[in-house]
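Presented below is the structure to which this report refers.
Protein chains get the first letters and strands the later ones, always in sequence-line order, with residue 1 at the start of each. Since this is a predicted model, take the numbers as computed values, not measurements.
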Protein chains: 2
Amino acid sequence: MPAESDCSEMLDSETKAVETPEDHADELRLWLRLLTCTTLIEGEVRGRLRQRFDVTLPRFDLMAQLDKAPDGMTLSDVSKRMMVSNGNVTGLVERLVESGHLDRRTSETDRRVQVIRLTKLGRGEFRRMAAEHETWIADLFADLSPKDVRELMRLLAKTKASAQKSAARRRP
Amino acid sequence: MPAESDCSEMLDSETKAVETPEDHADELRLWLRLLTCTTLIEGEVRGRLRQRFDVTLPRFDLMAQLDKAPDGMTLSDVSKRMMVSNGNVTGLVERLVESGHLDRRTSETDRRVQVIRLTKLGRGEFRRMAAEHETWIADLFADLSPKDVRELMRLLAKTKASAQKSAARRRP
DNA sequence: CCAAATTGTTTTAAGCCTAAAATGTTTTCC
DNA sequence: GGAAAACATTTTAGGCTTAAAACAATTTGG
C-alpha cells in the first residue's frame, strides 16, 4: 500500500507536477446542497407568490429592487443587481409597465438611458406582498437558531468572495 | 423609551397575541445571500459549460443524474431529483435523445413509464465534462477551509430540513 | 369485475432567460 | 472636430421553465 500524499498543505509548488487527480468530492457535494436549498426555497416562494398574489418571482424581485431606489434605476443597474441579462430586464420591464406597476422614461441627460420607477400602484402592491413574503422566509428558516443564521451569513459571505475571485481569475 | 421586548425566546404562547410586527430582516438577508451565491456560481458554471463544451446546464444536470443510475431512470424520478416540472423533463429528454446522448424506451411492465439511459456517447461526453466541472467547483470554493466546508454542509442540511418542514406545513 | 382514484407522461400557453448581434448615444482621445 | 471605443438598450433565435389541462395506463376498493 503506497503512502498516500494528502496534498492539503502543498508547500512545494513543484510537487504539483505529480498530477494527482485531486479529490474535490466535498466541494461538489457542498455545491449540490447549496443548489438544493436554493431551489427548494425558491420554488416555495414562487408558488406562494403565484397563489396569494398571482405574481411571478422575477416580477417580485424586480419590484423589490425598485422599492429600494425611490429615485429609480436604469435598466443596467437592475440587470447588474439582479444578475440577469440585459435583454431579460427589457422584457420584464415591458410587462410591468404594461400592467401599470412601473413607470419608464428616457433620461433627460443621456438619451441612451431608461429610468424606471415603481408607480403608486406598483409600490402599494409590492409593499403588501413584501410584508407577507417576509413571514414566509422567516418560516422557511424557522429551525435555524440566531447563531446558525449568523454563522451561515458569515460562511456565505466567504463563499461569495471566493466565487467572485474565481470568476475574476477566468475573466479578468 | 419603552422597554423593547426581544421576542427571541417566546415562552408564553399567549404573548403572540400582541401582534408585534416581528423583525425577520436577518432571515431575509440570509435568503438573499444564499440566492446570490447560488446565482453567481450557477452563472459561472453555465458559462464555462457553454464555452468549453457547448452544452447547457440543464442538459448537464440531467446527464449527471443518469450517470448515477446505470439501470436508467423514469422521467418522474428525474423530475423529482432535479426538482423541476414533468413537462420540463419531457422537452429536455427529447432534445438529448435527438442529439444521441440518451436512449429512451417504454417500460415492459408498465406502459405508462419511459425509462431513459445515457448512451455510450452520452456517458463518454458526460464523464469528460464532469471531470473538468469538478475542478471548476473546487476553484469556486477554493477560499473555504475544509472546516468551513463541513460547517456549511451542516448548516445547509439544517436549512434544507427547515424549509422542507415549512413546505410540508403549507401543503400537507 | 369495474368504477374511481392514482400515477406517469405529454401538451399547451405563457413567461423567463441567455448569448450574440444590432441600434442608437455618448465619451475618449488623437 | 471626428474617428474609434465604450455604453445602454433592444432585438433575435433558441432553449428553459412552469402550471394546468389532457391523455393513457395501472391500481384500488367496493
Side-chain angles (χ1 to χ4, degrees), chain A residues 35 38-40 42-63 72-99 101-102 104-116 171, chain B residues 35 38-40 42-63 72-99 101-102 104-116 171:
Chain A
L35 192 54
T38 302
T39 307
L40 185 60
E42 201 173 47
E44 199 59 26
V45 171
R46 182 195 313 282
R48 298 190 197 201
L49 281 174
R50 186 182 41 72
Q51 284 204 343
R52 282 283 291 132
F53 301 113
D54 193 32
V55 75
T56 66
L57 183 52
R59 277 158 150 101
F60 178 82
D61 287 342
L62 175 40
M63 288 196 270
M73 298 174 79
T74 70
L75 297 201
S76 291
D77 287 346
V78 173
S79 163
K80 282 190 202 92
R81 287 291 191 92
M82 293 182 72
M83 300 197 282
V84 300
S85 68
N86 288 345
N88 189 357
V89 174
T90 297
L92 222 36
V93 166
E94 223 158 54
R95 289 183 286 270
L96 280 167
V97 167
E98 167 71 23
S99 64
H101 293 84
L102 260 56
R104 175 224 298 250
R105 63 186 58 171
T106 302
S107 161
E108 309 264 329
T109 60
D110 185 340
R111 275 179 309 178
R112 288 172 301 182
V113 174
Q114 303 284 319
V115 178
I116 54 176
R171 194 179 1 76
Chain B
L35 192 55
T38 302
T39 306
L40 185 60
E42 202 172 46
E44 199 58 26
V45 171
R46 183 196 315 282
R48 296 191 199 203
L49 281 175
R50 186 182 41 72
Q51 284 204 342
R52 281 283 292 130
F53 301 112
D54 193 32
V55 75
T56 66
L57 183 52
R59 277 157 148 102
F60 178 82
D61 287 342
L62 175 40
M63 289 196 269
M73 298 173 80
T74 69
L75 296 202
S76 292
D77 288 346
V78 173
S79 163
K80 282 189 202 93
R81 287 293 191 90
M82 293 182 72
M83 299 197 283
V84 301
S85 69
N86 288 344
N88 190 353
V89 174
T90 296
L92 223 35
V93 166
E94 223 159 54
R95 287 182 287 269
L96 280 167
V97 167
E98 167 71 24
S99 64
H101 293 85
L102 260 54
R104 174 223 299 250
R105 63 187 58 171
T106 302
S107 161
E108 309 263 330
T109 60
D110 185 339
R111 277 179 305 178
R112 287 170 303 182
V113 175
Q114 303 284 318
V115 177
I116 54 176
R171 196 179 0 75

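Rounding to whole angstrom units, CZ of residue B:Arg48 and C1' of C:dT18 are separated by 18 Å. Rounding to whole angstrom units, CG of residue A:Asp61 and C1' of C:dC17 are separated by 14 Å.
Separating the OG1 atom in B:Thr74 from the CG atom in B:Asp110 is a distance of 9.5 Å, to the nearest 0.5 Å. To the nearest 0.5 Å, atoms CE (A:Met83) and OG1 (B:Thr38) are separated by 9.0 Å. Between atom CG of residue B:Leu102 and atom CZ of residue B:Arg95 there is a gap of 12.0 Å, rounded to the nearest 0.5 Å.
Extent of DNA chain D lying under 4.0 Å from chain B heavy atoms, first and last nucleotide in 5' to 3' order, is D:dG15 to D:dT26.
Every pair passing side chain to side chain donor-acceptor pair (under 3.5 Å) that includes a residue from residues 51-60 of chain A is listed here, sequence neighbours excluded: A:Gln51-B:Arg170, A:Arg52-A:Glu132.
Looking at A:Thr109 and A:Ser107, their side chains do bring a donor and an acceptor atom within 3.5 Å of each other.
Annotation for B:Met82 and B:Leu92: closest pair CE-CD2, 4.5 Å, computed over non-hydrogen atoms. Closest approach of A:Val84 and A:Asn88 over heavy atoms only: CB-ND2, 3.6 Å.
Nearer the 5' end of DNA chain C, as judged by each residue's closest nucleotide, is the contact made by B:Gln114, out of B:Gln114 and A:Val84. Mapped onto DNA chain D by nearest heavy atom, A:Val89 and B:Val89 fall at different nucleotides, with A:Val89 at the one closer to the 5' end.
Within the 4.5 Å cutoff, the side chain of A:Arg104 has heavy atoms near those of the A:Glu94 side chain. The shortest side-chain heavy-atom distance between A:Val93 and A:Leu96 does not fall under the 4.5 Å cut-off. Residues A:Met73 and A:Arg81 form a side-chain contact, since some pair of their non-hydrogen atoms from C-beta on lies under 4.5 Å apart. Counting heavy atoms from C-beta on, the side chains of A:Val55 and A:Met63 come closer than 4.5 Å.
Contacts between residues 91-98 of chain B and DNA chain D, defined by a heavy-atom separation under 4.0 Å, are made by B:Leu92, B:Arg95. Residues of residues 52-59 of chain A having a heavy atom closer than 4.0 Å to DNA chain C, listed by number: A:Thr56, A:Pro58, A:Arg59.
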Subject >> Under 4.0 Å protein heavy-atom contacts per nucleotide of nucleotides 19-27 of chain C, with B for base, S for backbone only and - for none >> reply: SS---BBS-
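Applying the side chain to side chain donor-acceptor pair (under 3.5 Å) test to A:Thr106 and every residue at least two apart in sequence or in another chain returns A:Gln114.
No donor-acceptor distance shorter than 3.5 angstrom exists from the side chain of B:Ser79 to the backbone of B:Leu75, with no hydrogens or angles considered.
Look at B:Ser76 and you won't find any side-chain N or O under 4.0 angstrom from OP1 or OP2 of C:dT7.
Among the heavy atoms of the strands, none lies under 4.0 Å from A:Met82. In this structure, B:Thr74 reaches the sugar-phosphate backbone alone: every heavy-atom distance under 4.0 Å involves primed, P, OP1 or OP2 atoms, never a base.
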